[in-house]
S.K.: 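Have a look at the structure that comes next, please.
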Amino acid sequence: MVSLSRIIQPSMFSFLGAAASLALLSTPAPAAETATETVLQQPTLLAQLDLDGLGLAAGESLLAEAEAAIDGQDYDLAIRKLQAARENLNQTSNSYQEIAAAFTGVDAEISGTLRTSARDAAQMRDLATLRQALIYRAQGQSELAVPLLVEVVQSQGPARDLGLDSYQQLFELGFVSRPYRRTGSEDPSAAVVDVARPLNQSDSPTGISAAKLLMAEADQAYAAADYGTAVTRLQNARTTLNTSSSYYQTLFTTFTGIDSRVSTEMREKALEAAELRDQATLSLALAYQAQQQPNFAIPLLVEVLASQNPTRPLGKQAYDQLLEIGFVAQPYVETEETATTEP
């Protein structure tokens, strides 16, 4: 198990200090002439008093409880408090955004104040999300940390501290292989030269490496006519690859226009994961066919065909299997006009 103190930087221990400085990061909204100070202060005070409901104060309270649990090394309780804080702050941020939208064009001061509150809630939510991911990493649960880290990178972007820290965690875990650094900063790859990157290991719990291992085990089970085991392994591989492809696609979108090298790698990773997913899907369909279960095989074959199209090898194999089952009647013959070059 990785030591939590090695992963979490000292500057991240104070949630309340970070939360208190959030308002300083936001640009004040222009004041509206028709708004009065009394009208604005009353709902703010009520929100601060509501520690058991929604609002920034409730979120701060949950973050403080999580920090206390971490100090007491009660990480299970810390995770529950952080999860509750994330849900609370996410709903709080969304609610403030909706109210702000309602006041847009009606009262600029109210709308601006609420948008600031929405940003503050979102910032604290992302801080809680990163904190939760770091605990999962310290507990050796990389498969739970990765989606949370991707979520923060998507929300914050790599130019902000939380987004940059989250991407660095993905790099150290081995989910991405290209480091990212802002102009003028130190090369982050130097910090992990001698550190084992768990998602690159043969026993990786998630990611492309883990899926390849599952597919290899499925091939062995299929060759031994152990179709039940093959189905289980392939189902797990499909889930892992589908989520991995989605995460890489998110990172590709996030880094587009920021760092072309990182975005290109993320796109290539997304395509690799999607291709392997379709291979696993086709193999799963064949395993169902071997068990005389065409009702399970057909939708999987259609899925591969839709993803790959019939001119690519996987797509053509899927269509040929549909023809063999009898779900389609007309064979597809590739001609020079229909043939395509593999990307």
S.K.: Can you name the nearest heavy-atom pair linking Y222 to A290, along with the distance?
M.R.: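 Scanning both residues completely, I find the closest heavy atoms to be OH-CB, 4.1 Å.
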S.K.: For Y136, what residues pass the ring pair (Phe, Tyr, Trp, His ring centres under 6.0 Å) criterion, not counting sequence neighbours?
M.R.: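 Here no residue qualifies.
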S.K.: Can you confirm whether E67 sits close enough to D71 that some side-chain heavy atom of one is under 4.5 Å from a side-chain heavy atom of the other?
M.R.: yes
S.K.: Among L63, L127, L148, D126, which one satisfies side chain to side chain contact (heavy atoms under 4.5 Å, CB included) with R86?
M.R.: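 So, applying the side chain to side chain contact (heavy atoms under 4.5 Å, CB included) to R86 and each of L63, L127, L148, D126, only L148 qualifies.
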S.K.: Compute the ring centroids of F255 and Y167, then answer whether they are less than 6.0 Å apart.
M.R.: yes
S.K.: Please examine the side chains of V176 and V262, heavy atoms only from C-beta on, and report whether any two atoms are closer than 4.5 Å.
M.R.: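 They are not in contact (no side-chain heavy atoms under 4.5 Å apart), so the answer is no.
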S.K.: Taking the side chain as every heavy atom from C-beta outward, state whether L82 and I135 have any atom pair closer than 4.5 Å.
M.R.: yes
S.K.: Can you find a pair of side-chain heavy atoms, one from Q168 and one from D165, that are under 4.5 Å apart?
M.R.: no
S.K.: Going by distance alone, is a donor N or O of one side chain under 3.5 Å from an acceptor N or O of the other, for Q91 and E87?
M.R.: no
S.K.: Can you find a heavy atom in the side chain of L284 that is under 4.5 Å from one in the side chain of R238?
M.R.: yes
S.K.: Give me the atom names and distance for the closest heavy-atom approach of A287 to V231.
M.R.: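 Where A287 meets V231 most closely, the heavy atoms are CB-CG2, 3.9 Å.
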S.K.: Going by side-chain hydrogen bond (donor to acceptor under 3.5 Å, both in side chains), name the pairs with one or both residues in residues 242-255, residues two or more places apart or in two chains.
M.R.: N242-R277
S.K.: Any luck finding a side-chain donor-acceptor pair between Q97 and R115 under 3.5 Å?
M.R.: no
S.K.: For a quick test of reading the model, state the closest non-hydrogen atom pair linking V304 to L314 and the distance between them.
M.R.: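 Scanning both residues, the minimum pair turns out to be CG1-O, 3.7 Å.
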S.K.: Is the closest side-chain donor-acceptor distance between T116 and R119 under 3.5 Å?
M.R.: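 T116 vs R119: donor-acceptor pair found between side chains.
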S.K.: Compare every heavy atom of P158 with every heavy atom of L164, then report the nearest pair and how far apart it is.
M.R.: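 Looking at all heavy atoms of both residues, the shortest contact is CB-O, 3.6 Å.
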S.K.: State, yes or no, whether a side-chain contact exists between L62 and E65 at a heavy-atom distance under 4.5 Å.
M.R.: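 Yes - at least one pair of side-chain heavy atoms lies under 4.5 Å apart.
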S.K.: Are any of the side-chain heavy atoms of Q139 and I79 separated by less than 4.5 Å?
M.R.: yes
S.K.: Check whether any side-chain heavy atom of M215 lies under 4.5 Å from a side-chain heavy atom of Q279, and answer yes or no.
M.R.: yes
S.K.: Do L301 and I325 pass the side chain to side chain contact (heavy atoms under 4.5 Å, CB included) test, and can you show the C-alpha distance, the side-chain angles, and the key distance before you say yes or no?
M.R.: CA-CA 11 Å; L301 295 170; I325 291 172; 3.8 Å; yes
S.K.: Does the side chain to side chain contact (heavy atoms under 4.5 Å, CB included) test come out yes or no for K316 and T311, once each step is laid out?
M.R.: CA-CA 6 Å; K316 188 175 187 307; T311 63; over 6 Å; no
S.K.: So, R80 and Q83: side-chain donor and acceptor under 3.5 Å apart, yes or no?
M.R.: no
S.K.: Do Q317 and Q308 have a side chain donor and acceptor closer than 3.5 Å?
M.R.: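 Distance-only check fails for Q317 and Q308.
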S.K.: Membership question, hydrophobic clusters at under 4.5 Å side-chain separation (ILVMFWY): are L305 and L286 in the same one?
M.R.: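 In one cluster: no.
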S.K.: Can you name the nearest heavy-atom pair linking L234 to A218, along with the distance?
M.R.: CG-CB, 3.5 Å
S.K.: I would like to know whether Y332 and L322 meet side chain to side chain contact (heavy atoms under 4.5 Å, CB included); could you show each step before the answer?
M.R.: CA-CA 11 Å; Y332 168 69; L322 288 170; over 6 Å; no
S.K.: Of the non-hydrogen atoms in T281 and L300, which two are nearest, and what is the gap between them?
M.R.: CG2-O, 3.5 Å
S.K.: Same cluster or not: are Y319 and L282 linked, directly or through other Ile, Leu, Val, Met, Phe, Trp or Tyr residues, by side-chain heavy atoms under 4.5 angstrom apart?
M.R.: yes
S.K.: Check this for me, if you would: do E172 and R137 make a salt bridge, where the nitrogen-to-carboxylate-oxygen distance has to be below 4.0 angstrom?
M.R.: yes
S.K.: Assess the residue pair E265 and S177 against the criterion (side chain to side chain donor-acceptor pair (under 3.5 Å)); give the C-alpha distance rounded to whole Å, side-chain angles, the decisive distance to 0.1 Å, and a yes or no.
M.R.: CA-CA 8 Å; E265 180 186 285; S177 57; 2.9 Å; yes
